[in-house]
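What you are looking at is a predicted structure, and each value in this text was computed from that prediction instead of being measured.
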Amino acid sequence: MSVEHEKQRAAEAAAELVEDGMTVGLGTGSTVAYLLPALARRGLSLRCVATSPQTEEAALMLDLRVEPFGSIDRFDITIDGADQITPDGWLVKGGGAAHTREKIVAAAAARFVVIADSSKRVTALHPPVPLELLEFGLAATMRLLHPVSLRDAPRSPDGGVIADYHGAVDDPAGLAALLGATPGVVEHGLFPPTLVADVCVARGDSVEHHNHAKSRAREDI
C-alpha cells in the first residue's frame, strides 16, 4: 500500500473518534489534509481551532466551523500528524513549521491523538529536530544551539524563524530541557509521551492503535 493510502486510513480512523458537540484541535500537515474531509463527511456539530492558516483555509472550504483560539481554552480532542514516533510515545514534529501552535493545542486537549503512516515509526528519535527561533539575537542563539541550521522555509504562523537542530537525540528528555532553556528558542519539536493519549498508525489497510498514559506535568511539556 502507498504512503498516501496509509495516511488516509489513519486519518479516517481518528475521525471516527470525534463525537458530536466536541471542541477539536486541528493539526497541520499532509496527514491532517486527509483528516479534514473525513471529519466533514461525518456532518457533526463541532467547534474547531486550526494550528496554521493552511489548515484553517482547508477546513473552512469543507464547511467545518473554525474559531479563534481565544474563544476556546480546552479541547475535547486534538488530532495531528508526526514526523517520528517511538514505541514509548516520543514524537518529533515540525516538518510543517507549525510545531509551536501544535504543541499549545495538544497541551490544551483532554485527548491528543497522533495519526501517521507506517514510515513514521522509528526505534529511536534522530535528527533533525525542528525549532522555532526569535529573529532577535538569532546568530547568538544559533551559536548556543550548535549544530543547527536555518531551514529554507517560510516563517512560522507567528513570525518565528524556522531552524533544525542536528545534534544527537539519544536523550530526548534531556535535549528537550536543554532546548527549552536556551534563550531565543520559542519552541522545539520534541513532544513527550505524557502529552500523547493515542497513536493511530496505518499499515496497509489496517490501523494500529497505541494508547499512552498522559500527565499534564508542566516540566514534561
Side-chain angles (χ1 to χ4, degrees), residues 1-14 17 25 27-35 51-52 78-103 105-107 109 111-132 145-149 151-153 162-180 185 187-215 217 219-221:
M1 293 292 177
S2 70
V3 167
E4 295 304 313
H5 177 77
E6 290 186 346
K7 289 179 180 180
Q8 183 175 0
R9 288 289 298 116
E12 290 172 345
L17 302 175
T28 294
S30 59
T31 310
V32 172
Y34 290 106
L35 171 70
T51 53
S52 68
T78 288
I79 305 175
D80 203 353
D83 302 317
Q84 300 177 47
I85 307 168
T86 66
D88 61 355
W90 272 98
L91 312 177
V92 167
K93 289 178 49 56
H99 51 281
T100 298
R101 288 191 178 190
E102 290 171 339
K103 189 174 286 187
V105 172
R111 187 179 185 186
F112 176 40
V113 178
V114 179
I115 52 177
D117 63 88
S118 59
S119 71
K120 301 304 191 297
R121 274 291 193 187
V122 296
T123 55
L125 299 182
H126 56 79
V129 174
L131 302 171
E132 180 173 345
L145 292 170
H146 181 79
V148 66
S149 64
R151 192 188 302 176
D152 183 16
I162 303 301
D164 290 297
Y165 175 79
H166 298 283
V169 198
D170 300 337
D171 176 11
L175 179 59
L178 174 65
L179 295 175
V185 175
E187 192 52 84
H188 56 79
L190 290 168
F191 284 51
T194 51
L195 205 58
V196 180
D198 301 286
V199 176
C200 299
V201 177
R203 293 186 184 277
D205 275 325
S206 64
V207 178
E208 303 170 358
H209 291 265
H210 304 268
N211 297 323
H212 294 270
K214 181 179 64 171
S215 164
E219 62 268 24
D220 287 335
I221 297 174

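- Here the CG atom belonging to Asp164 is positioned 7.0 Å from the CG atom belonging to Leu131, to the nearest 0.5 angstrom.
- Considering Glu6, Glu12, Glu4 in turn, Glu4 is the only one that fulfils the side chain to side chain contact (heavy atoms under 4.5 Å, CB included) rule with Tyr34.
- Residues Ser118 and Val201 come closest through the heavy atom pair CA-CG1, 3.8 Å.
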Stepwise side-chain contact (heavy atoms from CB on, under 4.5 Å) test for Leu91 and Phe112: CA-CA 12 Å; Leu91 312 177; Phe112 176 40; 4.0 Å; yes
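- With hydrogens and angles ignored, the 3.5 Å screen pairs no side-chain donor or acceptor of Asp80 with any backbone N or O of Val32.
- The closest side-chain heavy-atom distance from Asp205 to His5 is below 4.5 Å.
- Here the side chain of Lys93 pairs no donor or acceptor atom with the backbone of Ala98 at under 3.5 angstrom.
- One finds the OG atom of Ser119 at 9.0 Å from the CD1 atom of Ile85 (value rounded to the nearest 0.5 Å).
- The main-chain N or O of Thr86 is found under 3.5 Å from a side-chain atom of Arg121 such that the two form a donor-acceptor pair.
- At distances below 3.5 Å, not a single donor-acceptor pair connects side-chain atoms of His188 with backbone N or O atoms of Val129.
- The salt bridge (charged side-chain N to carboxylate O under 4.0 Å, His left out) test applied to Asp83 returns no partner, not counting sequence neighbours.
- In this structure, CG in Leu125 is found 9.5 Å from CG in Leu175, a value given to the nearest 0.5 Å.
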